[in-house]
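Remarks on the structure that follows.
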Amino acid sequence: MRSIRANLVLWVVGTLGLGTVVVLGATYALTRNQVGRLFDEELKQVAHAVHLREDWTQPRRLRIARPGFELSVRAYDQTGRVYFETAMPSLPSDLAQSFKEGLASAPTAEGPWRVYTHVTDEGTVQVGQAVAIRDALARELSLSVLMPMLLLIPVLGVVVAWALTRGLQPLHVTSRRVSDRDAARLDPLPTDNVPRELLTLVHQIIALLARLEGAFDAQRRFLADAAHELRSPVAALALQVQLAERAQSPAVRSGALQELARGVERARRVVQQLMDFARLDAAVPLQAFAAVNLAALSREVVAGYVARAENQDVDLGVDAPGVVQAFGAEPELRSLIENLVDNALRYAPPGSPVTVAVRQVEGMVELRVVDAGRGVPAAERERVFERFHRVAGDATRGTGLGLAIVKAIVERHHGSISLSDADPGAALPGLAAAIRLPAWRGHARPAEPLSAERPGAAARSGLS
């Protein structure tokens, strides 16, 4: 695992090293240029200082004994006859004579030379110097300037490492505060003495702890409510088993067993709804969202409740075109429709209709389930979405989870749900549950599943 401190130190030291190399190159170039200009001026001054005498008729070689004198001088007339030249140092033997005033660079067997030629009436003076001497001096001067910087790099590395250790200390303190906590402590972290750069992270951790505390509280409440809701069905099942065991006649035993079967079905329904709600509350999707033909799915679900509707003498029907595509998870949308239809059948009086309608409205898919029961008072329409909530005076068997599951599914699909009276002003105003879900906006609309059509699910007349 990469360390922030080691990474920062590496970057700082590496940047300093790279910057030193760049500075070294730039310093060498500037120093070499400056040294060259100074030596060019010295060549010129030496050439102008040489006085040619008319009585110099024989070539002569002069030895310069002065330490540090690195210029070579040669004087000759217009015919090229040499008056004199220095022996220590001397010009390269292959350096040609020139009769043109000015500075010039000349390649020789000993390397490049810089030469200044001064032309007078008495003769010509050439003063030269090896470029290698200038380069050596430039390197020496550059290294003397950069040596302190090279020695400063490791010192800066140590200082930066120490500074980062002190600077990251609040991070270690915050980490210890988090690691020292157990699962039972979800109170907010203290923010005193926390650097500004860490405040955002600490606030996010505090928000996460708050969400975890809320989730744990919801889980505890859910378990308590589930235990409470399951206690009654289990007790009823135990009582029905005892009644069946004590039955004195086949008819009484058969009635007790039928009641036991209904109790088992109610318990199964409670357990299924609890599992569905727990899955939705944990935000675990059943499958990825895709195109779902909500019209066909509604016909399929309604077909599964036909027998129950007939036993209750309820006119159950569906009003939906062939294809209405919604965007969502089919298992969750199926559970949504099942809970709405089951809720409507529970409250629909005999001889009344229950209608499931699907249509596309304003770029959304609208699902409406309408019954003719007692309805929900306006003051209770928000609370009925709470789990295990039952309207006061409601004697209908149920768990109070159906609409809570519907609400959770609608929110997961970024939709909306509203409750209203189906027939305002009537003695039994009924309930109209209207749900709007995002429509499928894909370029290609998938084919309608064949299994969506069942006998009796296509139209109201076949379901009544």
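As the structure is a prediction and not an experimental result, all values here were calculated from the model. Computed over heavy atoms, backbone and side chain alike; hydrogens, waters and symmetry mates excluded. By convention here, the first residue in the shown sequence is residue 1.
- Between Arg334 and Glu330 a salt bridge is recorded (basic side-chain N to carboxylate O distance below 4.0 Å).
- Judged as a salt bridge (Lys or Arg N to Asp or Glu O under 4.0 Å), and not counting sequence neighbours, the contacts of Asp40 are Arg114, Arg134.
- Of the possible donor and acceptor atoms, one in the side chain of Asp371 sits under 3.5 Å from a partner among the backbone N and O of Gly373.
- What you find for Val358 and Pro321 is that their closest heavy atoms are O-CD, 3.2 Å.
- Qualifying side-chain contact (heavy atoms from CB on, under 4.5 Å) partners for Pro92, counting only residues two or more places apart in sequence or in other chains: Asp94, Leu95, Thr108, Glu110, Trp113.
- His413 places a side-chain N or O within donor-acceptor distance of the main-chain N or O of Ala329, the cut-off being under 3.5 Å.
- A donor-acceptor pair is defined here as one N or O able to donate and one able to accept, closer than 3.5 Å; such a pair exists between the side chain of Asn311 and the backbone of Ala307.
- Residues Val324 and Val365 approach most closely at CG1-CG1, 3.6 Å, considering heavy atoms.
- Applying the salt bridge (Lys or Arg N to Asp or Glu O under 4.0 Å) criterion to Arg359, with sequence neighbours excluded, gives Glu366.
- Closest of all the heavy-atom pairs between Val356 and Ser298 is CG1-CB, 4.1 Å.
- Residues satisfying the side-chain contact (heavy atoms from CB on, under 4.5 Å) test with Ala432, not counting sequence neighbours, are Arg368, Val370, Ser420, Ala422.
- Annotation: side-chain contact (heavy atoms from CB on, under 4.5 Å) contacts of Pro349 (sequence neighbours excluded): Ser352, Leu428.
- Among residues at least two apart or in separate chains, salt bridge (Lys or Arg N to Asp or Glu O under 4.0 Å) pairs with a member in residues 21-34 are Arg32-Asp135.
- Residues passing the side-chain contact (heavy atoms from CB on, under 4.5 Å) test with Ile133 are Glu70, Gln129, Ala130, sequence neighbours excluded.
- For the residue pair Val384 and Leu403, the shortest heavy atom distance occurs at O-CB, 3.6 Å.
- Using a 4.5 Å heavy-atom cutoff, the side chains of Ser335 and Ile405 are in contact.
- Under the 4.5 Å side-chain criterion, counting only non-hydrogen atoms from C-beta, Glu310 is in contact with Val306.
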With side chain to side chain contact (heavy atoms under 4.5 Å, CB included) as the criterion, how do Leu367 and Leu294 come out once you've worked through the C-alpha distance, each side chain's angles and the decisive distance to 0.1 Å?
CA-CA 8 Å; Leu367 171 70; Leu294 198 63; 4.2 Å; yes
Residue pair Thr355, Leu316: steps toward the side chain to side chain contact (heavy atoms under 4.5 Å, CB included) verdict:
CA-CA 6 Å; Thr355 304; Leu316 176 62; over 6 Å; no
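- Closest non-hydrogen pair, Ser416 versus Val410, comes out as N-CG1, 3.4 Å.
- Scored by the side chain to side chain donor-acceptor pair (under 3.5 Å) test, Glu362 finds Arg436 as partners (sequence neighbours excluded).
- With sequence neighbours excluded, no residue satisfies ring pair (Phe, Tyr, Trp, His ring centres under 6.0 Å) with Tyr28.
- Not counting sequence neighbours, Asn343 has no partner by the side chain to side chain donor-acceptor pair (under 3.5 Å) test.
- Residues in residues 311-336 take part in these ring-ring contact (aromatic ring centres under 6.0 Å, His included) pairs, two or more places apart or across chains: Phe289-Phe327, Phe327-Trp440.
- The side chain to side chain contact (heavy atoms under 4.5 Å, CB included) with Tyr305 is formed by just one residue from the set Ile337, Val314, Leu345; it is Leu345.
- Enclosure of atom CD in Gln242 by more than 12 non-hydrogen atoms of other residues, nucleotides or ligands within 6.0 angstrom is indicated.
- The shortest distance between side-chain heavy atoms of Val406 and Ile435 falls below 4.5 Å.
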